[in-house]
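Structure first, then comments.
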Amino acid sequence: MIFGAIMDKNLYAKRVVELNNLPVDEGGKCVIYWMQRSQRATDNPALNSAVNLANDLGKPLLVYFGLFDVYPMASVRVFKFMLEGLKEASAALIDKGIPFLMRREMPPEGIVRAAIEFNACAVVVDEDYLNIGRSWRKIAADRLPVRLIQIDAETIVPARITHKEEWGAYTIRPKILKALDQYMTDIPDSSINHKLRLEPGNSIDLSTVDPLTLANSLDVDQQVTPTPHSIGGLSEALSRLERFIREGLPRYSDEKNDIGVSVSSNLSPYLHFGQISSLRTALAVQDADAPGESIDAFLEQIIVRRELAINFCLYNNRYDSLDAASDWARRTLDAHRTDERPELYLLEELESAQTYDQLWNAAQLELVRFGRIHSYMRMVWAKNILVWSPTPEEALSQAIYLNDKYALDGRDPNGYANIAWCIFGKHDRPFAERPIFGKIRCMTSEATMRKTHWRNYIKP
DNA sequence: ATCGGCTCGCGCAA
DNA sequence: TGCGCGAAGCCGAT
């Protein structure tokens, strides 16, 4: 069995899920890597798996990407950023002798057409852990004429070392740490044996296309415009990583919760689109010359917390709903449904930053203008939405709407887990009971003003 | 400035 | 069955 052979010799056994029972067609002409989430040409377990399979079969590899704009919260902002990253990734792939096929179509339909058109032996796809991607892969698995193999390529420790939704960081942390030594190692990129100068017909050629022009031509929200100083792609991610290690990391542990200073890596959008791998980032930080406290604090974020968020979305497909709340959280929020709110804002009032709270307004403006909110302030931001909404359900959907619409890293497991933590105490524990919050951990703008250099945050 | 209490339930030790 | 402890808090007492 050919696939068994690649599983034995690669390091990815726990990352593999076969999405259908069809055979690998050894008489086919190529292997196709259906790129979705892991939009990079290096440090990519899904790409490496596809290359290894192609080499075993003695075939070339083709990368397929379906550009689909009829997508919730699709905007010029995120498409420009994504296309900049894809432009760099496709050039790197072509350099390696792997043609890049990009078509504007619905991905699960496009991959089936491409597999037939190019006579694929098998298709390898990366995993995004979210519902839309899951439903697309299901469609493709049912319609492809050959095997569809899914690779978990965004985690450092494979998500399937645990087989259930974890209760909190403290339950997943020991499992991750136990396996971490094995996975915190640099794995060289596989190189393709059979390089092919395939000229895929009807492909968008990113080498000759301006990402912004292409993004503008799509059927996406034109009101959410590109953010200043954000250029997608691995080069920019690596330069941010280097700057972070030099300037932010040394102060990370002490100052990460002060909204008046910026010690964050700002790599989240690059991680969201898979333009840089979390393993590459974690290895660089681990080896950095910085206080151990700061290194540990950052690794906790990029490994434990990030992979807890992935675990949440992987094992709970209600990750964007109050259905995902634990019993104690639902009970306590229910008990406070009729508590009087200081103000009830409409979505439009929130969106345009017109609340009585100047700190919250500043956070909302940061989101609209820069596509992000300071990591500490983002919690205060979401907690306030709970206070100003008629129901927890409404608060949840408004927070998710605003985050997914404006954040460059929207529609990400991190975002859903973060908002779930804020609104309904996911992965958290109960605290002293208060109005509206019940036993959900309370955070307020007033307390944040007492504790941090907030004036630096508010000033324009 | 620092500290305890608040409050639930998982997971492990026993 | 008991017990320790947990993402980032808040408040009030000392």
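Side chains are part of it too, since the values below use all heavy atoms of this structure and drop only hydrogens, waters and symmetry mates. Here is how names work: the chains are called A, B, and so on, in the same order as the sequence lines, proteins then strands, and each is numbered from 1.
Taking atom NZ of residue A:K439 and atom C1' of nucleotide B:dC8, one finds them 8 Å apart after rounding to whole Å. Taking atom CZ of A:F431 as the reference point, atom P of B:dG4 lies 15 Å away to the nearest angstrom. For A:I172 and C:dG6, the CD1 to C1' distance is 15 Å, given to the nearest whole Å. One atom, CG of A:L308, and another, C1' of C:dA7, lie 10 Å apart when rounded to the nearest Å. Between the C1' atom of C:dA8 and the NE2 atom of A:H374 lies a distance of 11 Å, rounded to the nearest Å. A:D428 has its CG atom 14 Å from the C1' atom of B:dC10, to the nearest Å. Atom NE2 in A:H336 sits roughly 12 Å away from atom C1' in B:dT7 (whole-Å rounding). The distance from atom CG of A:N384 to atom C1' of C:dG9 is 14 Å, rounded to the nearest whole Å.
What you find for A:A237 and A:L267 is that their closest heavy atoms are O-CD2, 3.4 Å.
Under 4.0 angstrom from either OP1 or OP2 of C:dA7 there lies no side-chain N or O belonging to A:K256. Using a 4.0 Å cut-off, some side-chain N or O of A:R441 falls inside it from OP1 or OP2 of C:dA8. Within the 4.0 Å cut-off from OP1 or OP2 of B:dG9, not a single side-chain nitrogen or oxygen of A:S326 is found.
Mapped onto DNA chain C by nearest heavy atom, A:T171 and A:R450 fall at different nucleotides, with A:T171 at the one closer to the 5' end.
For A:W136 and A:Y71, the ring centers sit closer than 6.0 Å to each other.
Counting non-hydrogen atoms under 4.0 angstrom, A:M443 reaches the backbone sugars and phosphates but no base. A:Y170 comes within 4.0 angstrom of a nucleotide base, judged by non-hydrogen atoms across all strands. At a threshold of 4.0 angstrom between heavy atoms, the contacts of A:Q301 include nucleobase atoms, whether or not backbone atoms are also involved. Note on A:K451: only backbone sugar-phosphate atoms sit closer than 4.0 angstrom, heavy atoms only; bases stay farther off. Contacts of A:R305 with the nucleic acid, taken as non-hydrogen atoms under 4.0 Å apart, include base atoms. Residue-level contact check: A:R331 touches the backbone only, with heavy atoms under 4.0 Å from sugar-phosphate atoms and none from bases. Using a 4.0 Å heavy-atom criterion, one finds that A:T332 contacts no nucleic acid atom at all.
Between A:R337 and A:D334, at least one side-chain N (NZ, or NE/NH1/NH2) sits under 4.0 Å from a carboxylate O, which counts as a salt bridge. In summary, A:R306 and A:E154 engage in a salt bridge, as defined by a charged side-chain N under 4.0 Å from a carboxylate O.
Ranking C:dA7, B:dC6, C:dA8 by closeness to the A:R173 side chain, first place goes to C:dA7. When the nucleotides B:dC6, C:dC10, B:dC8 are ranked by their closest atom to the side chain of A:A447, C:dC10 comes out on top. Listed nucleotides C:dC10, B:dG11, C:dG9 differ in distance to A:E166; the shortest reach to its side chain belongs to B:dG11. For A:A169, whose side chain is taken as the heavy atoms from C-beta onward, the closest listed nucleotide among B:dG11, C:dA7, C:dC10 is C:dA7. With distances taken from any side-chain atom of A:W167 to the nucleotides B:dT7, B:dC10, C:dA7, the minimum falls on B:dC10. Side-chain atoms of A:P430 lie closest to B:dC8 of the nucleotides B:dG11, C:dG9, B:dC8.
Separation of the C1' atoms belonging to B:dG9 and C:dC10 is 22 Å when rounded to the nearest angstrom. Here, C:dA7 and B:dC12 have their P atoms 15 Å apart, quoted to the whole Å.
Using cut-offs of 30° and 60° on the angle between ring planes, the pair A:Y356 and A:Y345 is tilted. Between A:Y416 and A:Y319, the angle of the ring planes lies from 30° to 60°, which puts this pair in the tilted group. Note on ring orientation: taking the six-membered ring where Trp is involved, the planes of A:Y252 and A:F298 are perpendicular (angle over 60°, cut-offs 30° and 60°).
When both pairing distances are held under 3.5 Å, C:dC5 makes a Watson-Crick or G-U pair with B:dG9. Under the Watson-Crick or G-U wobble criterion, with both distances below 3.5 Å, C:dG12 is paired with B:dC3.
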